[in-house]
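Ligands are counted one by one from 1 in listed order, and the atoms in each one are counted from 1 as well. The shown structure was predicted, so the numbers you read here are calculated from the model rather than taken from an experiment. Heavy-atom basis, side chains included; hydrogens, waters and symmetry copies ignored.
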Amino acid sequence: MSIEVKNITKLYGEQQALNNVSFTINKGEIVGFLGPNGAGKSTMMKIITGYIDASEGAVIVNNFDIFIDKIAAQKSIGYLPEHNPLYLDMYVREYLQFNAEIHKIAKVEVENCIQKVGLTPEAHKKINQLSKGYRQRVGLAAALLHNPEVLILDEPTTGLDPNQLLEVRNLIKEVGKDKTVLFSTHIMQEVEAICNRVIVINKGQLIVDKKLSDFKENEEQIIEVEFDFKIEKRFFESIPYLKSADNFHDTSWVLTFSTTIDMRSKVFDFAHDNGLKILQLNTKNKNLESLFRALTT
Ligand code: ADP
């Protein structure tokens, strides 16, 4: 077990930010921590990383109690806070070396981390010359310096443009391959893109803790696809498991299948057989989407 959160309650004065929240995260999992703004995500992450105390409950990280053995627990945690605090006047490499020195980490790790997060071409620049996406990479590199087993990332993709968003998502997936990752977001699609499990909190309470594969059971599969030409609906009848085909815009269709088998390759085959090109294709997880809509409205 990498992270064990036991009955955590947090009060800020009169205001209850977390109410008796418990969950465990196993080694190697990438878990999305989802909830609308104000749900208590940042508060929970600050508690797990030992930056603030809880009012009640316990947190165990890598077998150390964060409230009792804080330093030992923090050794296995890399934390990227929501407002990634960077010294904007420092150079990227200088900033990371500074962090490494404070934590008595060998200089070679700085170069390893620069490489790992794809910062090599930017490493000689001042942090204030970097885009938000690259600043996030600097924060991520700083969080990775001591090679922690657990990564806690608070809204790592908020405020990024679509390209940067994809890059940072891929980076999280990549660095998450040999780590336990808990990352918060208020964007449902993010969870589908990165995680194998989702924990949802709302108004300080845990309301869902599920593997993404569980959402997919007994479910309809929805594929949004855009072709380069208009086609007639009857053509889709040749694709197996098709439940409905709705033409929502010109050459764009929403195809619903009654199967959990991944139908994307069948849609590609269909396009190829009919001399069509696919301009865009997205899959949607209906249950997770409806859950999130219900949660945020
Ligand atoms: P999220 O990260 O999900 O947006 P937060 O953990 O930041 O949620 O906040 C949860 C609740 O606690 C909100 O109602 C917020 O206003 C409140 N809160 C957060 N930090 C403080 C604080 N330092 N003092 C008082 N209230 C706070």
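Note on Arg137 versus Glu167: salt bridge recorded, some NZ/NE/NH1/NH2 to OD/OE distance being below 4.0 Å.
Ser184 and Asp154 share a side-chain donor-acceptor pair at under 3.5 Å.
A cation-pi arrangement is found for Lys126 relative to Tyr91, the charged atom lying closer than 6.0 Å to the ring centre and inside a 45° cone about the ring normal. Taking the centre and axis of the six-membered ring of Tyr12, the NZ or CZ atom of Lys10 falls inside the cone set by 45° and 6.0 Å.
In this structure, Tyr134 has no ring-ring contact (aromatic ring centres under 6.0 Å, His included) partners at least two apart in sequence or on a different chain.
Screening Asn84, Thr158, Thr157 against Gln136 for a side-chain hydrogen bond (donor to acceptor under 3.5 Å, both in side chains) leaves a single residue, Asn84.
When heavy-atom distances to ligand 1 are checked against 4.0 Å, the residues falling inside are Tyr12, Gln15, Ala17, Pro36, Asn37, Gly38, Ala39, Gly40, Lys41, Ser42, Thr43, ordered by chain and number.
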